[in-house]
Structure formats: structure tokens, C-alpha cells
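Along the sequence shown, residues carry numbers from 1.
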Amino acid sequence: MKSLLAIIFLVVVLVGAWWLFFRESPASATSSTTIDSVTVSKHSPEFDGQVKYAVNTYLEMKDAFVDADTARAKAKGEVFIKAIDSISVAELQNDDQQIGIAAKQELSDIKANASSMLQQSDITEMRQDFRMISENMYPFLKTIHYDGEKLYWQNCPMAFGENQEANWISNSTEIMNPYLGKNHPEYKSSMLHCGEVKDTIK
């Protein structure tokens, strides 16, 4: 009889322990779900605003290349350079010295290629510089752990001829090719949608 009482007592103790330590209360479960569903920025509002402005001016420049509008591409390029200059990496360096150094170098390369683009008169040469701007913009956004609106890293396998690919960033999954565009001398608008999404930047 005593052993039966001891077993019952042990079962009650174990159930009580489980109830106290392992059962998640409804309140805590709701709280956890709420926290997980809210995205908290890793950066200050000022830094996020600077990056967002640069991304938006990049996208406007990309759209100008889609339309084969060199004058508009250059005008947007000038605004883009100012946007790049406005990005302060001091905040990044305070958080992580290596990330700050990498971001600073990427911004320098972006500005150098954008400045080169402004000196070109041939749209193909301008697009080559835009290709390099994109190639540096992509790792920059990855380096800083960009957390703005969702962007897409897109690729055209024949941007500058057979097997000469190029990439760009878009805010839409729809392919609007800035290298072959709407008014290409050879393809006209037939290759406007040539390409594919290779990665998501978020």
C-alpha cells in the first residue's frame, strides 16, 4: 500500500513539474508570435533613409536604361552620385569595423563607376558602367544587411552579346532589361523581358 501511495505521489510531482516548467502559457505564445512577425530594422532611421534614397535613384537610372534614354540616365546618375555620397558608414563602423570598411570600399567603387558613366557618350559604354554599378551595389546591400523593400537581383545571359551576361537590381520580379531595353538597335523591343531573377535582396 505504501509503495502504491509513493508511486501516485511521484506521478503527481512529475505532472506538476511538467506543468510549471514546460507548458508555455497562452500569453507568452502570443507574445512570441507577435515579436516574430514584426521586422525590426538593424539600422537607424537616418541610415535607412539614406540607403532607400540611393536605391530609389538607382532604380530610376535603371528605368532610363530600359527606355534607352541616355540624357535621363545621366541626369539620374548625377542624383545617384549625390545619394551615394549622403550615405554615412560611421554607424556601420561603430557596430562592426570590418562591415564598415567593406561598405566604404563598395560605395567608393559604385561612385567611381557612376562618375565614369557620366563621361560616356555611347549608350553601350554607359550600360557597361551601369553593369559595374550594379555589381558593386549588390554586395553593398548584402554587406549592410539591407532591410528595406524587397529587391531582386536579375540576370540577362546575353546583355552585351552571346555569352556576355550582366546583372541588375529591380524592385519587381518582372524582367525589364536595362541592357537590351525597348529601343535596342538590333533587337528593338523583342528582348525587353530577356532574363531571370537570381536572388532576393531583403
Inter- and intrachain pairs under ring pair (Phe, Tyr, Trp, His ring centres under 6.0 Å), touching residues 86-114, at least two apart: none
Polar side-chain atom of S116 near backbone of A112 as donor-acceptor pair, under 3.5 Å: no
Over 12 foreign heavy atoms within 6.0 Å of NZ, K62: yes
Between N167 and S134, a side-chain donor and acceptor under 3.5 Å: no
D109 versus Q105, side-chain donor and acceptor atoms under 3.5 Å: yes
Side-chain donor or acceptor of E91 paired with backbone N/O of S44 under 3.5 Å: yes
Considering all heavy atoms, the nearest T200-K150 contact: CG2-CG, 3.5 Å
Working for side-chain contact (heavy atoms from CB on, under 4.5 Å), residues E186 and L180: CA-CA 9 Å; E186 181 179 353; L180 300 178; over 6 Å; no
Parallel, tilted or perpendicular: rings of F65 and F130 (30°, 60°): tilted
Single-linkage hydrophobic cluster I201~I144, side-chain heavy atoms < 4.5 angstrom: yes
I175 backbone acceptor or donor facing Q154 side chain under 3.5 Å: no
N/O donor-acceptor pair under 3.5 Å between K188 side chain and K182 backbone: no
Side chain to side chain contact (heavy atoms under 4.5 Å, CB included) against T70, all qualifying residues, sequence neighbours excluded: I123, M126
Passing candidate, ring-ring contact (aromatic ring centres under 6.0 Å, His included) with Y138, options Y58, Y146, W153, W168: W153
Residue pair M61, V79: steps toward the side-chain contact (heavy atoms from CB on, under 4.5 Å) verdict: CA-CA 9 Å; M61 185 167 53; V79 177; over 6 Å; no
Greater than 12 external heavy atoms within 6.0 Å of K111's NZ: no
Side-chain (N136) to main-chain (L107) donor-acceptor, under 3.5 angstrom: no
S189 side-chain N/O to L192 backbone N/O, donor-acceptor pair under 3.5 Å: no
Heavy atoms of other groups near K198 NZ, more than 12 under 6.0 Å: no
Note, V51 side chain near L141 side chain (heavy atom, < 4.5 Å): yes
Worked verdict on L92 versus T143 for side-chain contact (heavy atoms from CB on, under 4.5 Å): CA-CA 10 Å; L92 298 174; T143 296; over 6 Å; no
Pairwise side-chain contact, E149 with N56, heavy-atom cut-off 4.5 Å (strictly under): yes
Flag, side chain of E125 to backbone of Q119, donor-acceptor distance under 3.5 Å: no
